[in-house]
Amino acid sequence: MPAKTALDADARGETGEAVGPLVRGVGVLRRLTEAGGTLSPSALERATGLARSTVDRITATLARMGYVRLDGRDVVLTAGVMELGNAYLAALRLPALLGAHADALADELDESVSLAVADLDGIRFIHQATRRRAMSVSFRIGDLLPAERTAPGPLFATGWAEGDWARWRARRAADPADAAFPAVPPRRTPTDDSAFPRRVERARRDGWAVDDQLIEPGLVAVSVPVRDPGTGRPACVASVVSHTSRHSAAGLRTSLLPRLRTAVAAMEAELRTAPPPEPGPPPAGLAAWTAASKHELGREFVESLARGLTVLTAFGADRPALTPAEVARATGLSRATARRALLTHEQLGLVTAPAGRTFTLTPRVLDLGFPPLSRTTLARLAEPRLRALADRVAEPAALAVLTGDGTEIQYTAGAGTRRVLTVDVTVGARLPAAATSLGRVLLADADPRSPEFAEVRARDYALVDEELESGLRSIAVPVRDRTGRTVAALNVATHPARRTLEDCVHGLLPELRTTAGEIERDLHTASRFTRVALR
């Protein structure tokens, strides 16, 4: 179903055992997601139908949780909110098990490859391996598409019961233009809905399906189901996506389908032989954190919203299905609080409990901020952190990466200050790596055996005093990815008349390390199941 569901009717209060603030908070996250990640409080007020005071309290709570930031007049989704979608993707396990196979197929075919799961009468992407071209596919992880306009849709619909078909017909009648699916262009002309059941029967017979420009002119795709070894039903669907200047829909069958089938066979073998996930530590201290935040912020912090969202993070690779008691143990919440949150999430379509007592996350969790952030860059993650750092120390800050040949750095983000004498950081500019603090931090990691940068490695920072240019003093620290590899460097530049060398080490270095840690946390969250471009 489209993103706008019972949430809209329940946005102003509680229904049954639902937690009203949690319903309203989820509504705010969904509206921000639909808007691409940024809305003003007044726009959120209009989009949700909530009072401005309620919007302000919800956004203040989400900001405290690290899910949004209040940027001037706007509310902006941050990488922190991706931990909700990460919990679903981890519990699902399919991206972790099958993503490398999809990536390898994309490299081999030089075409985009995606993995999608069923979401009621739609399909939702859980992995994307996209080719970088002038004309490329722009779908993101978490995007929801109507089943009838895709290649995976008919394959999932081969297992639909009459209730599923009734839901699909009701949705088509209520939304003939697909206005509630922001990831696809709206339909401009009426379509014959009898064509979809015919495509489903063809998919049942053939075991594969194509999309011949159903989403928009020029886009074609071929799909094959990846079947669950236990049930024989599609666990997900793998698709190769191209455009008509490279392949016709008919040509996909002969040129790409055989290789796709081979890759799917390897994916199914992976599912059959995958060992159970290693037990991981559950979230810790969440109940105490929300209580402390409530004590500090008072009525501006909506504790029931924060606790309700933390319930979603209790799920994971080794915890795909949980009872209310297990959620309570994982989060430190009371069993009654955990149960009410789960029932609210069930009403909103974020969890399901087919057996009655054990809950699992649904693909709809990806509605909560994931798509707009799933193609972010390190520079975008770092920019607000750099601005905050520059404001705190009253000096310009910058982020840079090493160029391919390792001889230069390239600035990818920067934040200036209001000073007459200041460093001009131009994004895209290049400087000799060995003469800069940023470059020395990066070179120390790039060549760990080089004695030239042994001191930098030992101190984990570089301090350069007027070597690149007279009057320029700078200090830099590394920014590391999830594996611990240095992928960028962060620095603050100053003039010797403003900061002594001791001031740089004792005053600027702690601030730099704090900011680098914040950027790393954002990068680690954002890159768990998505690619974060470094430049």
Salt bridge (charged side-chain N to carboxylate O under 4.0 Å, His left out) between R473 and D503, intermediate numbers included: CA-CA 11 Å; R473 179 174 287 168; D503 288 339; over 6 Å; no
From CA spacing to verdict: side chain to side chain contact (heavy atoms under 4.5 Å, CB included), L509, R459: CA-CA 11 Å; L509 182 58; R459 298 184 307 190; over 6 Å; no
CA sep, side-chain torsions, deciding dist, call: E326, R319, salt bridge (charged side-chain N to carboxylate O under 4.0 Å, His left out): CA-CA 9 Å; E326 290 168 334; R319 301 181 301 277; over 6 Å; no
Audit row: V441, F453, side chain to side chain contact (heavy atoms under 4.5 Å, CB included) steps and yes/no: CA-CA 8 Å; V441 165; F453 302 108; over 6 Å; no
Chi angles and distances behind the side chain to side chain contact (heavy atoms under 4.5 Å, CB included) call for E520, V479: CA-CA 6 Å; E520 287 174 347; V479 175; 3.9 Å; yes
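If you take CG on L84 and CG on L29, they are separated by 7.0 Å, rounding to the nearest 0.5 Å. Atom CG of L105 and atom CG of L98 lie 12.0 Å apart (nearest 0.5 Å). Within the model, atoms OH of Y411 and CG of N491 stand 6.0 Å from one another, a figure rounded to the nearest 0.5 Å. Atom CG of L381 sits about 10.0 Å away from atom CG of L399, to the nearest 0.5 Å. Once rounded to the nearest 0.5 Å, the distance linking CD of E455 with OH of Y461 reads 7.5 Å. Rounded to the nearest 0.5 Å, atoms CG (L472) and CG (D465) are 9.0 Å apart.
Ionic pairing of R124 and D367 is present here: one or more N-O contacts between side-chain nitrogen and carboxylate oxygen are shorter than 4.0 angstrom. We find that R480 and D445 are not joined by a salt bridge, their nearest charged nitrogen and carboxylate oxygen being 4.0 Å or further apart. For the pair D103 and R531, the salt-bridge criterion is met [side-chain N within less than 4.0 Å of a carboxylate O]. Ion pairing between E383 and R380 fails under the 4.0 Å rule for side-chain N and carboxylate O. Taking the charged nitrogens against the carboxylate oxygens, E408 and R430 do have a contact shorter than 4.0 Å, which makes a salt bridge.
Looking at D405, its side chain does come within 3.5 Å of a backbone N or O of T407 through a donor-acceptor pair. Side-chain atoms of D74 do not come within 3.5 Å of backbone N or O of D71 as any donor-acceptor pair. At distances below 3.5 Å, not a single donor-acceptor pair connects side-chain atoms of S239 with backbone N or O atoms of V241. At distances below 3.5 Å, not a single donor-acceptor pair connects side-chain atoms of T525 with backbone N or O atoms of A79. In this structure a side-chain-to-backbone donor-acceptor pair under 3.5 Å is present from T290 to A287. The backbone N or O of D481 lies less than 3.5 Å from a partner atom in the side chain of H524, making a donor-acceptor pair. S527 places no side-chain N or O within donor-acceptor distance of the main-chain N or O of V532, the cut-off being under 3.5 Å.
Applying the side-chain hydrogen bond (donor to acceptor under 3.5 Å, both in side chains) criterion to S334, with sequence neighbours excluded, gives T337. The ring pair (Phe, Tyr, Trp, His ring centres under 6.0 Å) test applied to F125 returns F139, not counting sequence neighbours. With sequence neighbours excluded, the residues satisfying salt bridge (Lys or Arg N to Asp or Glu O under 4.0 Å) with R64 are E296. The salt bridge (Lys or Arg N to Asp or Glu O under 4.0 Å) search around R513 returns none, not counting sequence neighbours. Partners of H345 by side-chain hydrogen bond (donor to acceptor under 3.5 Å, both in side chains), not counting sequence neighbours: none found.
Contact detail for T48 and V55: the closest heavy-atom pair is OG1-CG2, 4.2 Å. Taking each heavy atom of A129 and A106 in turn, the nearest pair found is CB-CB, 3.7 Å. In this structure, L77 and G369 approach most closely via the heavy-atom pair CD1-CA, 3.7 Å. Across C236 and L115, no two heavy atoms sit closer than the pair SG-CD2, 4.4 Å. Closest non-hydrogen pair, P21 versus V302, comes out as CB-CG1, 3.5 Å. The nearest pair of heavy atoms linking I475 to C504 is CD1-O, 3.6 Å.
Residues R57 and R24 fail the side-chain proximity criterion, which asks for heavy atoms closer than 4.5 Å. Between E511 and V492 the shortest side-chain heavy-atom distance does not fall below 4.5 Å.
Applying the salt bridge (charged side-chain N to carboxylate O under 4.0 Å, His left out) definition to pairs two or more places apart or across chains, those involving residues 36-53 are R52-D56.
Side chains of T78 and R69: no donor on one and acceptor on the other come within 3.5 Å. Side-chain atoms of S242 and E111 form a donor-acceptor pair, as typed in the model, at a separation below 3.5 Å.
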